[in-house]
**Student:** 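What follows is a structure written as structure tokens; I'll ask about it next.
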Amino acid sequence: MSRTTQKASPKPPALAATLLQWYDRHRRVLPWRALPGKRMDPYRVWLSEIMLQQTTVATVGPYFTRFLERWPDVKALAAAPLDDVLHAWQGLGYYARARNLHACARVVATEHGGKFPDTEEGLLTLPGIGAYTAAAVAAIAFDRKAAPVDGNIERVVARLFLVRTPLPAAKPELRRLAASLVPETRAGDFAQAAMDLGATICTPKKPKCVLCPWREACRARQEGVAETLPARMPKKTKPTRRGVAFWAVRGDGAVLLRRRPESGLLGGMMEVPSTEWRGEPWSDAEAREAAPVAARWRALTGVVLHSFTHFDLELRILVGKTAARTATGKWVQPQALGGEALPTVMKKVIAFASGAPVGAPSRKVREEE
DNA sequence: TAGACGTGGGC
DNA sequence: TGCCCAAGTCT
């Protein structure tokens, strides 16, 4: 141990070497990660990186495995109908990723002969690939000296260099500092090591500094402020939107679904038809005028609550038996609902509504999760 | 450029 | 329990 109280800041090559040594001993085994010394199939690197955008490792695992079994390479994925991809993606969220994933596969298959571009600039031209993913794929799949900067690396770097500027204003500086650390070789391992460090040691709350390979160099730790970084601008309050969903049941038991517009919220996914989602509550009378089919609508007691990133949704349910067969949408037998591409909020609606068969008393449960 | 865009898990 | 946040991208 040094007898000095304040060490000189280690230089980037030493920091990178220290982190890579740590990674060689502590690397996590993940389905999309190559064995030590091996280079991973770019398709798998790309697929995992898209799935991992704003999504936890634990959540992605089963989706990644299923996708790979069903579509083993980019040409197979490119040949799939978009609806199959959306269906396989259901529950993962941020459905634009699934649409872009499919579009990207088609571009790679048709315009690049089934091979991903092997540079950041080339990757950046593809749908759904932004600055982070281009750098990550270039480094991990092609061993390019690129510096992907995700939320983990922003946090690690903000602490290591004591960057007090709040996000997102600090992003340019954090990118510059992150790039300064990337070693000449093993850039992909370095990126994954830094992300592992952020995910397991340099965590947002209660970082395990005592276990950190960069504990001696970390300026935030020296100042005792690691847990407070990176600073963030205060978040805005989340509004509540309200709507009424129509659970229309045909004589043969089929229920009415429809497809949402191709872009925007839950784009391309199926839904239980509903009114607009707006700030003001809907009266039953007002809602009935917006019904997708003629029926005697009965309001269920309770509401379905769902929280999106930027608003909370409060959905009341109207149930109606109908003889109409011409409504715009798709009639689906209850046992066939599993074959539809349904976002989680609509699964909540279906669970709530189908628990209250037409003619039965209204449920008194307030559906929360 | 700031807001839109999902969901589930941890505390 | 409600808030935070997770390997971001697009417009």
Side-chain angles (χ1 to χ4, degrees), chain A residues 28 30-33 40 44-64 86 89-101 103-104 123-141 146-156 167-169 171-172 175 178 188 190-200 202-206 227 230 232-241 260-269 271 277 305-313 341-348 368-369:
Chain A
R28 292 185 291 172
L30 301 172
W32 46 85
R33 191 167 274 180
M40 181 53 85
R44 300 186 191 204
V45 174
W46 163 73
L47 179 62
S48 69
E49 290 300 342
I50 301 298
M51 288 184 167
L52 285 162
Q53 289 168 7
Q54 299 290 288
T55 310
T56 59
V57 164
T59 299
V60 166
Y63 285 88
F64 179 81
L86 287 172
W89 198 273
Q90 67 178 161
L92 251 195
Y94 284 141
Y95 298 95
R97 290 185 296 170
R99 288 180 263 124
N100 287 146
L101 183 86
C104 182
L123 289 159
L124 213 38
T125 67
L126 296 169
I129 297 185
Y132 163 78
T133 304
V137 174
I140 297 168
V149 180
D150 71 332
N152 289 121
I153 295 177
E154 283 180 347
R155 184 172 58 256
V156 169
L167 288 172
K171 280 174 181 284
R175 277 197 294 271
F190 178 80
Q192 294 179 90
M195 290 187 277
D196 273 15
L197 187 68
T200 64
C202 195
T203 46
K205 305 292 181 191
K206 301 191 183 307
E227 190 166 0
R232 293 177 189 277
M233 297 297 287
K235 61 195 169 302
K236 297 192 173 79
T237 58
K238 202 186 274 194
T240 296
R241 295 189 198 168
R260 293 180 60 84
E262 291 305 316
S263 65
L265 185 70
L266 309 175
M269 301 293 283
E271 68 172 355
W277 300 347
L305 300 177
H306 189 77
S307 189
F308 292 96
T309 305
H310 52 301
F311 67 94
D312 291 324
L313 179 64
L342 291 160
T344 296
V345 60
M346 289 302 152
K347 293 192 172 190
K348 290 186 189 179
E368 307 253 359
E369 277 300 330

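Letters A, B, ... mirror the listed sequences (proteins, then strands); counts begin at 1.
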**Student:** Where each residue is assigned the nucleotide of DNA chain C containing its nearest heavy atom, which of A:Gly128 and A:Val57 is assigned the position nearer the 5′ end?
**Tutor:**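 With A:Gly128 and A:Val57 compared, the 5'-side residue is A:Val57.
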**Student:** Rounding to an integer number of Å, can you tell me how far A:Leu305 CG sits from C:dT1 P?
**Tutor:**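 So the two atoms are 13 Å apart, to the nearest Å.
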**Student:** On a whole-Å scale, what distance lies between the P atoms belonging to B:dG6 and C:dT11?
**Tutor:**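 14 Å, rounded to whole Å.
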**Student:** Between the side chains of A:Gln53 and A:Arg97, does any donor sit under 3.5 Å from an acceptor?
**Tutor:**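 The answer is no; no qualifying pair exists.
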**Student:** If you measure from CE on A:Met51 to OH on A:Tyr63, what distance do you get to the nearest 0.5 Å?
**Tutor:**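 Answer for the CE-OH pair, A:Met51 versus A:Tyr63, is 9.0 Å.
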**Student:** Answer with yes or no whether the side chains of A:Tyr132 and A:Glu49 bring together a donor and an acceptor at under 3.5 Å.
**Tutor:**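 Indeed, the side chains of A:Glu49 and A:Tyr132 share at least one donor-acceptor pair under 3.5 Å.
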**Student:** Look at A:Thr309 and B:dA4 and indicate whether a side-chain polar atom (N or O) is within less than 4.0 Å of OP1 or OP2.
**Tutor:**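 So the side-chain polar atoms of A:Thr309 never come under 4.0 Å of the phosphate oxygens OP1 or OP2 of B:dA4.
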**Student:** Any side-chain N or O of A:His306 below 4.0 angstrom from OP1/OP2 of B:dG6?
**Tutor:**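 A:His306 to B:dG6 OP1/OP2: no side-chain N or O under 4.0 Å.
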**Student:** Quick check on B:dG9: is either OP1 or OP2 less than 4.0 Å from any side-chain nitrogen or oxygen of A:Thr59?
**Tutor:**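 Checking A:Thr59 against B:dG9: no side-chain N or O falls below 4.0 Å of OP1 or OP2.
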**Student:** Establish, with yes or no, whether the OP1 or OP2 oxygen of B:dG3 is under 4.0 angstrom from a side-chain nitrogen or oxygen of A:Lys236.
**Tutor:**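 Indeed, a polar side-chain atom of A:Lys236 lies that close.
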**Student:** Can you see if the side chain of A:Thr133 gets near the phosphate of C:dT9 - specifically, an N or O under 4.0 Å from OP1 or OP2?
**Tutor:**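 Checking C:dT9 against A:Thr133, a side-chain N or O does come within under 4.0 Å of OP1 or OP2.
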**Student:** Does C:dC5 have OP1 or OP2 sitting under 4.0 Å from an N or O in the side chain of A:Arg232?
**Tutor:**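 For C:dC5, OP1/OP2 do have a side-chain N/O of A:Arg232 under 4.0 Å.
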**Student:** With a 4.0 Å cutoff (strictly under), does any side-chain N or O of A:Gln54 reach OP1 or OP2 of C:dG8?
**Tutor:**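 Yes, such a contact exists.
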**Student:** Taking only side-chain N and O atoms of A:His310, does any of them lie within less than 4.0 angstrom of OP1 or OP2 on B:dG3?
**Tutor:**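 For B:dG3, OP1/OP2 do not have a side-chain N/O of A:His310 under 4.0 Å.
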**Student:** Under 4.0 Å: is that the gap between some side-chain N or O of A:Tyr94 and OP1 or OP2 of C:dC10?
**Tutor:**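 Answer is no, no contact under 4.0 Å.
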**Student:** Could you tell me whether A:Arg28 contacts a base, only the sugar-phosphate backbone, or nothing, with contacts defined as non-hydrogen atoms closer than 4.0 Å?
**Tutor:**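 Base contact.
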**Student:** Provide, to the nearest angstrom, the distance between the CG atom belonging to A:Leu92 and the P atom belonging to B:dG8.
**Tutor:**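 In whole Å, B:dG8 P and A:Leu92 CG are 9 Å from each other.
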**Student:** For A:Ala131 and for A:Thr56, find the nucleotide of DNA chain C with the closest heavy atom, then tell me which residue's nucleotide is more 5'.
**Tutor:**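 Upstream on the strand: A:Thr56.
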**Student:** Closest heavy-atom contact between A:Leu124 and A:Ala134?
**Tutor:**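 Distance-wise, the nearest heavy atoms are CD1-CB, 3.8 Å.
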**Student:** Take A:Lys205 and A:Gly91, find for each the nucleotide of DNA chain B with the closest heavy atom, and name the residue whose nucleotide sits nearer the 5' end.
**Tutor:**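 Closest to the 5' end, via its nearest nucleotide, is A:Gly91.
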**Student:** Does C:dC10 have OP1 or OP2 under 4.0 Å away from a side-chain N or O of A:Arg97?
**Tutor:**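 Checking A:Arg97 against C:dC10: no side-chain N or O falls below 4.0 Å of OP1 or OP2.
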**Student:** If you measure from NZ on A:Lys236 to NE2 on A:His310, what distance do you get to the nearest 0.5 Å?
**Tutor:**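 If we round to the nearest 0.5 Å, A:Lys236:NZ and A:His310:NE2 are 13.5 Å apart.
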**Student:** Quick one: the side chain of A:Thr344 and the base of B:dG8, do they pair up donor-acceptor inside 3.5 Å?
**Tutor:**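 Answer is no: no donor-acceptor pair is held.
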